[in-house]
Each structure stands twice: as structure tokens, then as C-alpha cells.
S.K.: 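Input: one structure, supplied below.
A note on names: the letters A, B, ... follow the listed sequences, proteins ahead of strands, and every chain is numbered from 1.
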Protein chains: 2
Amino acid sequence: MARTQQERKAETRARLLAAAADLFADQGIDAVSVDAVAEAAGRTSGAVYAHFGSKQGLLLALLDSWKDSVLAVLLAEVAVSDSPAGQLAAVWSNLSDTSDEASGRWPVLEQELWLRAARDPEVADVLRVRNAEALRFSARQLDGWTSAVGARPTAAPDGLAVLVKALLTGLALQKRLTPETVPDDLALRGIVALVGLPTDTADSPTGMSPVSTDRTTD
Amino acid sequence: MARTQQERKAETRARLLAAAADLFADQGIDAVSVDAVAEAAGRTSGAVYAHFGSKQGLLLALLDSWKDSVLAVLLAEVAVSDSPAGQLAAVWSNLSDTSDEASGRWPVLEQELWLRAARDPEVADVLRVRNAEALRFSARQLDGWTSAVGARPTAAPDGLAVLVKALLTGLALQKRLTPETVPDDLALRGIVALVGLPTDTADSPTGMSPVSTDRTTD
DNA sequence: GTCTATATCCCGATAGAC
DNA sequence: GTCTATCGGGATATAGAC
């Protein structure tokens, strides 16, 4: 059968993409040569050009195969069991956990792509599509959540998703540079303020204390 | 006098730094060659190495001569004349104005530096110091402001500064990629929620309407 | 301190054998 | 489709004249 050939081709493509994802994430796209990607995938640079035509082609193919939906995924995974504030805390701690491999690399990779998009329209287009999808999904999740727990959000679902994503992104950046300036409970407070979870009564059913700093010592 | 020599040296140094700031900001640090910097400053690459030893040395000297305090400056500049919400709106519109040259470049440059810091401890150190100063200053400004206008902030001054900076940063990034997803009034709502400006009464003295989208059509 | 010239290296991409 | 070999270009950094 000709199947073996096709399989090898497909495997090569997959291995190249995986290698690129790895290397790009932790060394930066510009710092990684085509040869390095090929070698990490057990091939040579010729294979890269046969499959993707150029380094840029490789990057675009990679973006096309990705989920930007880290936030969306996290929102989807939130367990319904915990208290509302506890759920928000879980989202943040997963997002900001630098020990986890995928999450740890997420902010760096995301910023790298954003920066590239700021100077490369082709990348910007792909990123915009992905971003729109993720926001749509997050908006739905947040909408369901806020009405379920009786929160009074700062803005309509679409806008709220933008605000929450923005705050989480900014906090992740800040934490990466100066972890001690963004304790978990501060992040939680910020999110709570945006989604409008009530916090003013001493023992509200939200499971969050109004003033002091107590939960998730990480 | 030997003064002429010294002056020329100082001027060369200043011109090199200025040229580097310009080029780095709009093409990216890696994309700019030492030769390009020198040429833009009316010198040759030899001058760069005589003054800074390496490209990295040039970058560090540049960081050392910078103010990261864009946000701090903006907070300081807020006029006392307008309504509280109007003042917040002014901060955001100055920060997110992509037409202004300095502000337009700010997010890109800031992200570039952040990204570099994520992989280069030397840069990270410099950035941390700068960031700490800016946050301290912002915290003082915000503290004075919130008590002056009678807001009920989400967190203590230091924490509040972190939250506000994070939200503004995240929103600026989002706006750069997809401007239509972050209208001015949405940004304002988010900031208002964090600083705890009251918005629930129909015509409160804050100058902000509670529900609809009306101000600063940009 | 500054310039010119150059050493040295590495990258992206192509050509051609298999 | 994949490899080997190589071209052409551009980068950082150094050497030496002035």
C-alpha cells in the first residue's frame, strides 16, 4: 500500500509542529532556527520547507492547530461543587501556576504572539479569529455562571469577558515579573469586583470574607 | 579646552541612546542591528561598542535612562477639574490613544521588554526596580484620589495599584489587537468597579451614568 | 573616541540527488 | 518527501589606523 508513505508524511508534519511549539514557547520564535526545529523533530530543514514553504508558513500552520482558549478551557473546567468565590480562585490559580508546564509557558507564548501580531498583519489576522472565538465562549460561560450565583456583573456578557480576560492577563504578566506583588487573594478580589460577586456582608453565601486576606495561600 | 571632546562624547552617547529608543520601540530590539542604531545617530557601530561594549550593554543603559512611569505620569496629570469618572476616562483615553506617538508605542515596547525579561535575568532585574517605583507612585496617587472622591476601593492602595495597572495593561493589549472589543465606556466601567466608584444611583455626583453607553465616543 | 575594514558566525532558503 | 550541500545575506564583535 501507499499508506506507509502517507503515514510517514503525516507523522513528520505532526512532529515538526510539536517540535516548533516546544521550542518557540521557551526560546522565542526568532531565536529558534529552522534547523533546530527540524533536528528536534528528527528531520532536516528540507522537510520543513517541503511541508510549510517557509518559517512563517510553519508558524501560521502552528497557530492554525492551536487552541488559544486557555482561559476558555479553564472556565469550562470550573467545578460546580465549590463556592462561587472558590471557583474564581481556582481559575486564577490554574492560570497563574508557574509550575505547570503548559500554564507556565502560556503567558510567554501568548505575549510573543501578540507582539508579533503587532508587527505582522498575517499573524494578527489568525490571532484575531482565535481571540474572538475564545471571547465568545468565555462570555457564554461567564453569563451562565453569574446568573447561577446571583452576581451583578460590571458589564454585559461580551464586555465582561473582555474585562476579565484583560485583568487576568495583566495580573499574569505582573506576577511573572514580580510574584510577590500579586498574592492570590488580591487577584481574587479584583475578579470578584468585576463579576460583581457580593462581598459586603460578613458571612454571605459566596464563601468569601469581606476584608481580610485569608484564602488560597498557594 | 578639553571640554569640546567631552561634549562630543556625551552628545554621541545621548544620540545613540535616543536612536536606540526610537528604533527598538518600533521595529523590535532583535530586528534592529547595531549598525542601524549607529547610523540613525549619525555615527558608526564602533561608537556603540566604545560606549556600551555590546548591544546588550546598550539596552541596559537605555533601560537605566528610562521612565516606565507612563501610567504614573498619567495618574499625576489627571486634572482635578473634571468629574471623578471623567478623570478615570481621561487616563484610559490617554493610555489607549493609538494616534499619539509615545502612547501608541508604549504597549508594544513594554511587552517587548517584558518578554525579554522573561528570558533574560539581567533585563528582569532592571524592569523589576522600575516597576516597583511606578507602583509605589501609582499607589500614592490612587490612594489620595479614592479618598478625595469618596470611592470604596477593592483593595488597599498597593494592591489597588496592581489591579488597576493589570486591567489597563490587559485592556491596552486587547484593544491593540481588536479595538472594537474594548470601547471606552467598557474600560471605564472596569476601572470604576476596581476603584469602587459608586454607580448605582441614577444621577450620582460621579458624573457617570449607571447603565447605558454614552461617553467618549472617541 | 571614532572610523574603516574585516573576522566569524549563523540564518533562511534553494538546488539537486535519491 | 527527504537529505546533503551550498548560496547569499546580515548579524555581532574585533583590529588597527587616526
S.K.: From the set C:dC3, D:dC3, D:dG1, return the single nucleotide nearest to any side-chain atom of B:T44.
M.R.: C:dC3
S.K.: To the nearest Å, how far apart are B:L58 CG and D:dA13 P?
M.R.: 11 Å
S.K.: Let me know the distance between CG of B:D35 and P of C:dA5, rounded to the nearest Å.
M.R.: 13 Å
S.K.: Any side-chain N or O of A:S54 under 4.0 Å from OP1/OP2 of C:dG12?
M.R.: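 No, outside the criterion.
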S.K.: To the side chain of B:K9, which of D:dA11, D:dC3, C:dG1 is closest?
M.R.: C:dG1
S.K.: Of the listed nucleotides (C:dT2, D:dA11, D:dT2), which one gets closest to any side-chain atom of B:S33?
M.R.: D:dA11
S.K.: Nearest whole Å is fine: how far is C:dC11 P from A:L59 CG?
M.R.: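 Atom-to-atom, A:L59 to C:dC11, this comes out as 17 Å.
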S.K.: Can you tell me how far P of C:dG12 sits from CZ of A:F52, to the nearest Å?
M.R.: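 My rounded result for the distance is 15 Å.
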S.K.: Mind calculating the distance between CD (A:E39) and C1' (C:dC11) to the nearest angstrom?
M.R.: 15 Å
S.K.: The side chain of B:K55 is closest to which nucleotide in this list: C:dG1, D:dA13, D:dT2?
M.R.: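 Ranking C:dG1, D:dA13, D:dT2 by closest atom to the B:K55 side chain puts D:dA13 first.
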S.K.: Per the side-chain contact (heavy atoms from CB on, under 4.5 Å) rule, which among B:L168, B:L188, B:D97 passes with B:W92?
M.R.: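 When side-chain contact (heavy atoms from CB on, under 4.5 Å) is applied between B:W92 and each of B:L168, B:L188, B:D97, only B:L168 qualifies.
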S.K.: State whether B:S45 places a side-chain N or O below 4.0 Å from either non-bridging phosphate oxygen (OP1 or OP2) of D:dA13.
M.R.: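 The answer is no; no side-chain N or O of B:S45 sits under 4.0 Å from OP1 or OP2.
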S.K.: Minimum heavy-atom separation for A:G190 and B:L194, please, with both atom names.
M.R.: O-CD2, 3.8 Å
S.K.: Assess the residue pair B:R189 and B:D184 against the criterion (side-chain contact (heavy atoms from CB on, under 4.5 Å)); give the C-alpha distance rounded to whole Å, side-chain angles, the decisive distance to 0.1 Å, and a yes or no.
M.R.: CA-CA 9 Å; B:R189 258 166 218 288; B:D184 286 349; over 6 Å; no
S.K.: Looking at B:E39, I'd like to know if its CD atom is crowded, meaning that more than 12 non-hydrogen atoms belonging to other residues, nucleotides or ligands lie closer than 6.0 Å.
M.R.: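 Result for CD/B:E39: open.
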S.K.: With a 4.0 Å cut-off on heavy atoms, is B:V32 in touch with a base, just the backbone sugar-phosphate, or nothing at all?
M.R.: sugar-phosphate
S.K.: Can you identify which nucleotide, out of D:dT14, C:dA13, D:dT2, has its nearest atom closest to the B:Y49 side chain?
M.R.: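 Selected nucleotide: D:dT14.
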S.K.: Atom CG of B:L23 and atom P of D:dA11: how far apart are they, to the nearest Å?
M.R.: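 Nearest whole value for this atom pair: 12 Å.
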S.K.: Can you measure A:E11 atom CD to D:dG1 atom P for me and round it to whole angstrom units?
M.R.: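 Between P of D:dG1 and CD of A:E11: 15 Å.
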S.K.: Report which part of the nucleic acid B:A50 touches: base, sugar-phosphate, or nothing (heavy-atom distance under 4.0 Å, all strands).
M.R.: base
S.K.: Begin with the C-alpha distance, continue with both residues' side-chain angles, and end with the deciding distance and a verdict on side-chain contact (heavy atoms from CB on, under 4.5 Å) for B:T181 and B:K175.
M.R.: CA-CA 7 Å; B:T181 57; B:K175 183 169 181 178; over 6 Å; no
S.K.: To the nearest Å, how far apart are A:D30 CG and C:dG12 C1'?
M.R.: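 In whole Å, C:dG12 C1' lies 12 Å from A:D30 CG.
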S.K.: So if I take every side-chain heavy atom of A:R43 and compare against D:dA11, D:dC3, C:dG12, which nucleotide ends up nearest?
M.R.: D:dC3
